[in-house]
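Contents: one structure, followed by commentary.
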Number of protein chains: 2
Amino acid sequence: MEKTKNIEYGCPVEATLGVIGGKWKPLILWQLKEDVLRYNTLQQMLPGISPRMLTKQLRELEDDGIVNRKMYPEIPPRVEYSLTDFGKTIIPVLEALAQWGLTYMDIRQEKDMK
Amino acid sequence: MEKTKNIEYGCPVEATLGVIGGKWKPLILWQLKEDVLRYNTLQQMLPGISPRMLTKQLRELEDDGIVNRKMYPEIPPRVEYSLTDFGKTIIPVLEALAQWGLTYMDIRQEKDMK
DNA sequence: CAGAATCCCGAAAGATACTG
DNA sequence: CAGTATCTTTCGGGATTCTG
């Protein structure tokens, strides 16, 4: 079993980045924004992610109360991931990040041109 | 001289996190939110940061067009850092992150109690 | 199908000493 | 005062193999 992190956040901005930051979490959350998805589907929507990473990020999001994991006791197994009600409160934040990112990419585009 | 990064961003959220992410940048930006600060002042407001890190982060923010570096040719030297006009557009995003972080920290508080 | 268990690597960050 | 130059450490993430 891997050790789970338990960081003390002094600053609320850091706290948020601790939850949604990293390479994969924004992408995972973006996919779950308005869909309920199974493990394999999620993996297919995130090209290049390894099962280890996908599981790790999902577990952390689960521990943070963002993501809900629903397991069906079938064979073959089926597991569905979705945002919790609390998880949904982060969508506007993600959209603010995306919005600013778009204008930033435009600016960079121009600068890199000349 | 250290190599400067030049990443390609597929996702706008990633782009934003690339600019304001990392351990120190949010804190630096938070300090510069409404003040013009000199190098040493900044260092004192960020307990634990090494000069190497402070310079590195400031340079990156400068390259990204977020921070302005004004140098006065005096002895001893004086250098003031501030947000550019474009840099100021990220303040609402930071505040959204901070806002959500506060409620998140509350939730965690409760959960860790029981 | 949905993962768990290992092993591994590079980038990010830290420590420290020095300088125009 | 405002950095630079080196060296070292940590850690997020990747690759691969195996299983109930």
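The basis for the numbers below is simple: all heavy atoms, side chains too, and nothing from hydrogens, waters or symmetry mates. Residue numbers start from 1 in every chain, and the chains themselves are labelled A, B, ... in the order their sequence lines are given, proteins ahead of strands.
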Q: List the steps and the verdict of side chain to side chain donor-acceptor pair (under 3.5 Å) for B/Y72 and B/E80.
A: CA-CA 8 Å; B/Y72 297 86; B/E80 288 180 347; 3.0 Å; yes
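- Between its opening and closing five pairs, the helix from C/dC1-D/dG20 to C/dG20-D/dC1 changes axis direction by 60°, a value rounded to 10 degrees.
- Remark: the backbone N or O of B/F86 is paired with a side-chain donor or acceptor of B/T89 at under 3.5 angstrom.
- A salt bridge between B/E14 and A/K23 is absent, with no side-chain N of the basic residue lying under 4.0 Å from a carboxylate O of the acidic one.
- Spacing between atom CD1 of A/I49 and atom P of D/dT16 amounts to 16 Å, rounded to whole angstrom units.
- Per the geometry, OH belonging to A/Y81 stands 15 Å off P belonging to C/dC1, to the nearest Å.
- A heavy atom closer than 4.0 Å to some atom of DNA chain C occurs in B/P77, these being the qualifying members of residues 68-77 of chain B.
- The side chain of A/W24 places an N or O atom within less than 4.0 Å of a non-bridging phosphate oxygen (OP1 or OP2) of D/dG14.
- One interatomic measurement links the two molecules: CG of B/L17 to P of C/dA12, which rounds to 14 Å at whole-angstrom precision.
- Follow the hydrophobic side-chain contacts under 4.5 Å out from A/L58 and you reach A/M71 in the same cluster.
- Checked by atom type and distance alone, the side chain of A/Y39 pairs as donor or acceptor with a backbone atom of A/P51 at under 3.5 Å.
- Atom CG of A/L58 and atom C1' of C/dC1 are 14 Å apart (whole Å).
- The CE-C1' distance, from B/M53 to D/dT9, rounds to 12 Å in whole Å.
- Side-chain proximity of A/K23 to D/dT4, D/dG14, D/dA2: nearest is D/dG14.
- Proximity note for B/R52 (side chain, C-beta onward) versus C/dA15, D/dG3, C/dA5: the nearest is C/dA15.
- The distance between atom CG of B/L54 and atom C1' of C/dA13, rounded to the nearest whole Å, is 14 Å.
- Looking at B/T84, its side chain never comes within 3.5 Å of a backbone N or O of B/N68 through a donor-acceptor pair.
- Distances from the side chain of B/R38 to the nucleotides D/dA2, C/dA2, C/dG3 place D/dA2 closest.
- Mapping A/G48 and B/Q43 onto DNA chain D by nearest heavy atom places B/Q43 closer to the 5' end of the strand.
- In this structure, the side chain of A/T16 does not engage the main chain of B/W100 through any donor-acceptor pair within 3.5 Å.
- One distance of note links CD1 of A/I107 with CD of A/E110; it measures 5.5 Å at 0.5 Å rounding.
- Rounded to an integer number of Å, the gap from CD1 of B/I28 to C1' of D/dA2 is 15 Å.
- The CZ-P distance, from B/R59 to C/dA12, rounds to 18 Å in whole Å.
- The closest donor-acceptor contact from the side chain of B/T41 to the backbone of B/L37 lies at 3.5 Å or more, if one exists at all.
- The side chain of A/P51 has C/dG3 as its nearest neighbour among C/dG3, D/dA15, D/dG3.
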